[in-house]
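We number each residue from 1, following the sequence as shown.
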Amino acid sequence: MALVTFLSDFGDKDYYVPAVKAKMLAVNPQLNIIDISHSIDTFDIAHAAFVLRSTFREFPKGTVHLVAINTTGSITQGYIGIKLEEHIFLGPNNGILSLLADHDPGIMVQFADIHLQDTTFPAKDILAPIAAKVASGAAIHDFGGPLTNFRKLMARQAKATKEQILGHVARVDRYGNLITNIRKDIFDKLNPGKFTIEFGREIVYNLNKGYDQVEPGDCFAFFNSMNLLEIGINHGHGADLLGLKYDSVVFVNFNL
């Protein structure tokens with residue numbers, strides 16, 4: 001199955017998304033194109049990387065992922081393809097693809113000049129045709145050579161000691177829930193059985209199993225399906241009510 005996912009900050013009010021899809025379908029009308037999201041905040045590489053990192057492993061291995069975020073930005077250093085965990089990613093060399101895992105891709109390709117063109121719409125004119133051809137059986141090596149200047153960005157990591165995990169809010173979802181970068185495996189390894197979780201002016205003393213484990217208006221904390229600590233207020237916009245936002249600090253304190 002020729003499967004391509006499509007992630008962008010194009011929104012749904014303009015011609016950009018259908019134009020990119022039309023370009024891919026012109027190469028192979030049998031493509032199955034899946035929209036991950038086109039509501040990424042404009043130019044927000046961190047938002048896009050979080051969404052893609054959280055979803056790409058759910059797709060079959062061999063899926064091609066077209067990533068169109070800040071494709072014409074000043075930090076973009078050409079257009080590239082990478083192979084990571086048996087998935088193929090095509091996008092700008094602006095750091096976004098470096099945020100998808102904690103290890104480097106196995107294969108990295110810089111697209112050759114012959115496949116590039118002077119355009120204000122590289123997602124359609126450069127990336128879309130290559131994505132369609134790769135999904136149809138071509139190799140990313142067919143479109144360039146080894147990438148030597150893979151642009152890397154550093155995601156903020158939680159810091160852990162025996163006494164405390166210091167983490168940050170990695171994403172505020174549309175409900176106002178706050179997803180942190182505190183991982184369950186680290187928590188489980190350090191947890192002596194008694195702990196507190198501090199965020200904003202609130203302190204919670206135990207973990208819940210879901211949103212509805214507390215009364216409406218009360219704070220919750222649990223490890224979500226991504227095994228990341230999620231906090232918020234049941235039936236309330238946690239970010240607004242708690243005064244928290246992206247990158248706000250969250251503490252897990254262990255009482256030894």
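- No donor-acceptor distance shorter than 3.5 angstrom exists from the side chain of Asn208 to the backbone of Phe222, with no hydrogens or angles considered.
- Below 30°, between 30° and 60°, or above 60°: for Phe187 and Phe254 the angle between ring planes is between 30° and 60°, a tilted geometry.
- A distance of 4.5 Å separates CZ in Phe251 from CG in Leu166, rounded to the nearest 0.5 Å.
- Side-chain N or O atoms of Ser98 include one that pairs as donor or acceptor with a backbone N or O of Leu153 at under 3.5 Å.
- A distance of 6.0 Å separates CG in Leu242 from CD in Glu202, rounded to the nearest 0.5 Å.
- Looking at heavy atoms from C-beta onward, Ile40 lies in side-chain contact with Leu7 at the 4.5 angstrom threshold.
- Side-chain contact between Asp212 and Phe220: absent, with no pair of heavy atoms (C-beta onward) separated by less than 4.5 Å.
- Remark: side-chain polar atoms of Asn191 are not paired, donor with acceptor, to backbone N or O of Asp188 under 3.5 angstrom.
- With hydrogens and angles disregarded, a donor-acceptor distance shorter than 3.5 Å links the side chain of Tyr79 to the backbone of Thr71.
- A donor-acceptor pair is defined here as one N or O able to donate and one able to accept, closer than 3.5 Å; such a pair exists between the side chain of Asn234 and the backbone of Val214.
- Using a 4.5 Å cut-off on side-chain heavy atoms (C-beta onward), Val51 and Arg171 make no contact.
- Annotation for Pro105 and Ile82: closest pair CG-CD1, 3.6 Å, computed over non-hydrogen atoms.
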- [ ] Start with the C-alpha distance between Asp9 and Asp44, add both sets of side-chain angles, then the distance that settles side chain to side chain contact (heavy atoms under 4.5 Å, CB included), and finish with yes or no.
- [x] CA-CA 8 Å; Asp9 57 359; Asp44 193 336; over 6 Å; no
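- Taking each heavy atom of Ile126 and Gln117 in turn, the nearest pair found is CD1-O, 3.9 Å.
- The minimum heavy-atom distance between Gln110 and Gln77, with the atom names listed, is NE2-O, 3.9 Å.
- Ring-plane geometry between His65 and Phe59 is classed as perpendicular, the angle between the planes exceeding 60 degrees on a 0 to 90 degree scale with a lower cut at 30.
- For the pair Asn227 (side chain) and Asp185 (backbone), a donor-acceptor distance under 3.5 Å is absent.
- Taken to the nearest 0.5 Å, the CE atom of Met226 stands 9.5 Å off from the OG1 atom of Thr55.
- Closest approach of Leu31 to Met24, counting heavy atoms only: CD1-O, 3.5 Å.
- Counting all heavy atoms, side chain and backbone alike, Leu90 lies closest to Ala131 at CD1-CA, 3.2 Å.
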- [ ] Report the C-alpha separation of Asp35 and Lys21 in whole Å, then their side-chain angles, then the decisive distance to 0.1 Å, and conclude whether the side chain to side chain contact (heavy atoms under 4.5 Å, CB included) test is met.
- [x] CA-CA 10 Å; Asp35 296 301; Lys21 291 182 178 180; 2.7 Å; yes
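- Counting heavy atoms from C-beta on, the side chains of Val17 and Asp12 never come closer than 4.5 Å.
- The hydrophobic cluster containing Leu147 also contains Phe89, counting ILVMFWY residues as joined when their side-chain heavy atoms lie under 4.5 angstrom apart, directly or transitively.
- Pairing each heavy atom of His87 with each of Lys61, the nearest pair is NE2-CA, 4.1 Å.
- The side chain to side chain contact (heavy atoms under 4.5 Å, CB included) test with Leu229 singles out one residue from Leu207, Asn181, Asn224, Ile179, and that residue is Leu207.
- For the atom pair CE of Met108 and CG of Asn149, the computed distance is 9.5 Å after rounding to the nearest 0.5 Å.
- A distance of 10.0 Å separates CD1 in Ile140 from CD1 in Ile130, rounded to the nearest 0.5 Å.
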Task: Trace of the side chain to side chain contact (heavy atoms under 4.5 Å, CB included) decision for Glu85 with Leu100 - done: CA-CA 10 Å; Glu85 299 178 20; Leu100 301 181; over 6 Å; no
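- For Tyr211 and His235, the gap between ring centers reaches or exceeds 6.0 Å.
- Phe50 and Phe6 fall into different hydrophobic clusters, where Ile, Leu, Val, Met, Phe, Trp and Tyr are joined by side-chain heavy atoms under 4.5 Å apart, directly or via other members.
- Under the 4.5 Å side-chain heavy-atom criterion for Ile, Leu, Val, Met, Phe, Trp and Tyr, Ile203 and Ile231 are members of distinct hydrophobic clusters.
- Here the side chains of His47 and Ile69 are not in contact, with every heavy-atom distance at 4.5 Å or above.
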TODO: Begin from the C-alpha positions of Glu230 and Asn177 and carry the test side chain to side chain contact (heavy atoms under 4.5 Å, CB included) through to its verdict.
DONE: CA-CA 7 Å; Glu230 184 169 339; Asn177 302 325; 3.4 Å; yes
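- To the nearest 0.5 Å, atom CZ of residue Phe143 and atom CD1 of residue Ile80 are 15.0 Å apart.
- With a 4.5 Å cut-off on side-chain heavy atoms, Phe199 and Leu244 count as touching.
- No path of Ile, Leu, Val, Met, Phe, Trp and Tyr side chains, each step under 4.5 Å between heavy atoms, connects Phe223 with Leu228, placing them in separate hydrophobic clusters.
- Applying the 6.0 Å contact sphere to OH of Tyr16 captures no more than 12 heavy atoms from other residues, nucleotides or ligands.
- With Asn94 contributing its side chain and Ile96 its backbone, the two residues share a donor-acceptor pair below 3.5 Å.
- Taken together through direct or relayed side-chain contacts under 4.5 Å among Ile, Leu, Val, Met, Phe, Trp and Tyr, Leu66 and Ile107 form part of one hydrophobic cluster.
- Under the 4.5 Å side-chain criterion, counting only non-hydrogen atoms from C-beta, Tyr15 is not in contact with Lys124.
- Looking at Ile186 and Leu190, their side chains come closer than 4.5 Å, going by heavy atoms from C-beta outward.
- Residue Glu215 qualifies as open at atom CD: its count of foreign heavy atoms under 6.0 Å is 12 or below.
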